[in-house]
Amino acid sequence: MPSFDSAHHAFTPTLLAVLKKHFGDYALDVFMSSPILGYLNNKTRAANRGSKARGAFANHYALYVVVEDYIQKGYAKENAGLSYAKYEGARFSDLFRRQRELPFGAKLQNHALNSRLNDEFKKFYPSVGKPPIVRDVATQRYWIQEDLLQVAVRHKDGKDHIYNIAPAVIEIINAYVEAKRAAFEGFLETCRQIAELGKQAPEKAIAFVVQQLASNVDARVFEIVSYAILKAKYGQESIWIGETEETVAKTALVLYKTGRTNANDGGIDFVMKPLGRFFQVTETIDVNKYFLDIDKVQRFPISFVVKSVESAEQIRTAIRQQALAKYRIEAIVETYMKAVEEIINVKDLMTAFDAVVESGGLQSVMDEIVVQSKVEFNYNDDDEEQDDEGGATLSLLEG
């Protein structure tokens, strides 16, 4: 287990406050003795870093729904006389539906339930030897590893006491989601205000957009802002195209976003019509990442939007050098390099943004940032209805 000092971050006091409420003076002992709580502490580092830090709800919610099922079936109650070992297990369809009912969970897939939570937990705690989720593939039934919920703590009288942390796990995840929700709503409100300010005080809106292209901004925000800029840039350009010589006409370029950031999008983040160009957004200059994306689309040319201040030529050279070191066959390397259609760096985005602003397109960029931010977090304008539903899911243990 890591030391308390090394594990401590901005959300840790909230986690410990929950444990204090449940376990009193033994809260820290429970925390230090539980791999599940240690894992949750690691997974909640993003809570107080604002909306720009990844929420990563998938693994939280996989743990949440199996623990919730454990509680609802009565196994967390002391002296209930129930044997969890004899429980038939929760149905996958019920757990899957439940995680999608949770705040920001509407688009979650089955990967965390089936493997990703267990795989990541093993990376953090390889010596534990037990996965958090037990799964029967044949029957599609799921269980929480009950041993990980029962934490033995030595009391001052020298006797060991077993604490069941299931209710505390639910409350910690609820608190994390609320922190992320508050951070996102603050970010979205800032976007809305800046979008309005763009009409009267464009310099503030411009400064806001520039700030979102900084190196410390999270990937999802960078992707949203770069899309908004490029959509506006290409929207001012057009080509002549037609099926025959007689039908050739001037057609505007339109950029489409394929889905949410970090989604299973087949290696394509944006698609341009009518040229059929593919765009992929990345934070890294790692040949493995670039070539994997190229392979996903069978080496169809891709334009890479890179969160880097290095020039396009420097990035291209770095990729090629890494590729030569890895493959050592120039013919293979050149096949991949030909598929790198264009590299768009932060400077290119800034130049494009300046041109959009010059032509009066600032407001379109701001409005697009608001729209895509809502899409990213499964948010819509029916805020009151969502809040009501969210409030219900975030008070599961009440009553």
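One-based numbering along the sequence shown.
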Under 4.5 Å side-chain linkage, directly or through intermediates, the cluster mates of Tyr256: Val254

Distance-only, no hydrogens or angles: does the [X] side chain make a donor-acceptor pair with backbone N or O of [Y] under 3.5 Å?
X	Y	answer
Asp348	Asn345	yes
Asn42	Gly38	yes
Thr258	Asp269	yes
Gln145	Pro131	yes
Tyr70	Tyr75	yes
Tyr61	Arg98	no
His60	Lys43	yes
Thr44	Asn41	yes
Ser226	Glu223	yes
Gln322	Val287	yes

Around [X], counting heavy atoms of other residues, nucleotides and ligands shown, do more than 12 lie under 6.0 Å from its [atom1]?
X	atom1	answer
Lys73	NZ	yes
Asp160	CG	yes
Arg299	CZ	yes
Gln298	CD	no

So which atom in [X] and which in [Y] form the shortest heavy-atom distance, rounded to 0.1 Å?
X	Y	result
Tyr26	Lys156	OH-N, 3.1 Å
Pro167	Asn164	CD-O, 3.9 Å
Val67	Ala166	CG1-O, 3.5 Å
Arg316	Glu342	NH2-CA, 4.1 Å
Gln109	Gln99	O-NE2, 3.0 Å
Ala339	Ile294	CB-CG2, 3.6 Å

Audit row: Leu37, Val151, side chain to side chain contact (heavy atoms under 4.5 Å, CB included) steps and yes/no: CA-CA 10 Å; Leu37 293 175; Val151 182; 5.5 Å; no

Taking the side chain as every heavy atom from C-beta outward, state whether [X] and [Y] have any atom pair closer than 4.5 Å.
X	Y	result
Ser34	Leu148	no
Met337	Tyr290	no
Asp69	Asp94	no
Tyr64	Asn174	yes
Leu253	Pro274	yes
Leu63	Ile133	no
Val153	Phe31	no
Tyr327	Thr335	no

Intermediate values then yes/no, salt bridge (charged side-chain N to carboxylate O under 4.0 Å, His left out), Asp293 and Lys289: CA-CA 6 Å; Asp293 289 335; Lys289 159 69 175 167; 3.1 Å; yes

Joint hydrophobic cluster, [X] plus [Y], side-chain heavy atoms closer than 4.5 Å:
X	Y	value
Phe300	Val333	yes
Ile239	Val248	no
Ile329	Leu292	no
Val309	Ile285	no

Geometric class of the Tyr125/Phe121 ring pair [parallel <30°, tilted 30-60°, perpendicular >60°]: tilted

Parallel, tilted or perpendicular: rings of Tyr39 and Phe124 (30°, 60°): perpendicular

Straight-line distance of [X] [atom1] to [Y] [atom2], nearest 0.5 Å:
X	Y	atom1	atom2	value
Leu40	Thr12	CG	OG1	11.0 Å
Lys233	Leu230	NZ	CG	7.5 Å
Lys159	Asp157	NZ	CG	5.5 Å
Asn110	Gln140	CG	CD	8.5 Å
Ile172	Ile165	CD1	CD1	7.5 Å
Ile319	Leu324	CD1	CG	12.0 Å

Acceptor/donor pairs from residues 350-360 side chains to any protein atom, 3.5 angstrom cut, sequence neighbours excluded:
residue : atom : partner : partner atom : Å
Thr351  : OG1  : Lys347  : O            : 3.0
Ser359  : OG   : Gln236  : OE1          : 3.4
Ser359  : OG   : Gln236  : NE2          : 2.4
Ser359  : OG   : Ala355  : O            : 3.2
Ser359  : OG   : Val356  : O            : 2.9

Verdict with supporting geometry, Phe270 and Tyr227, ring pair (Phe, Tyr, Trp, His ring centres under 6.0 Å): CA-CA 8 Å; Phe270 315 147; Tyr227 171 70; 5.1 Å; yes

Proximity of Tyr84 and Tyr87 rings by center, below 6.0 Å: yes

Verdict with supporting geometry, Leu117 and His111, side chain to side chain contact (heavy atoms under 4.5 Å, CB included): CA-CA 8 Å; Leu117 168 62; His111 311 302; over 6 Å; no

Salt bridge (charged side-chain N to carboxylate O under 4.0 Å, His left out) between Lys122 and Asp119, intermediate numbers included: CA-CA 5 Å; Lys122 186 177 180 180; Asp119 291 345; over 6 Å; no

Working for side chain to side chain contact (heavy atoms under 4.5 Å, CB included), residues Tyr142 and Val134: CA-CA 6 Å; Tyr142 292 71; Val134 180; over 6 Å; no

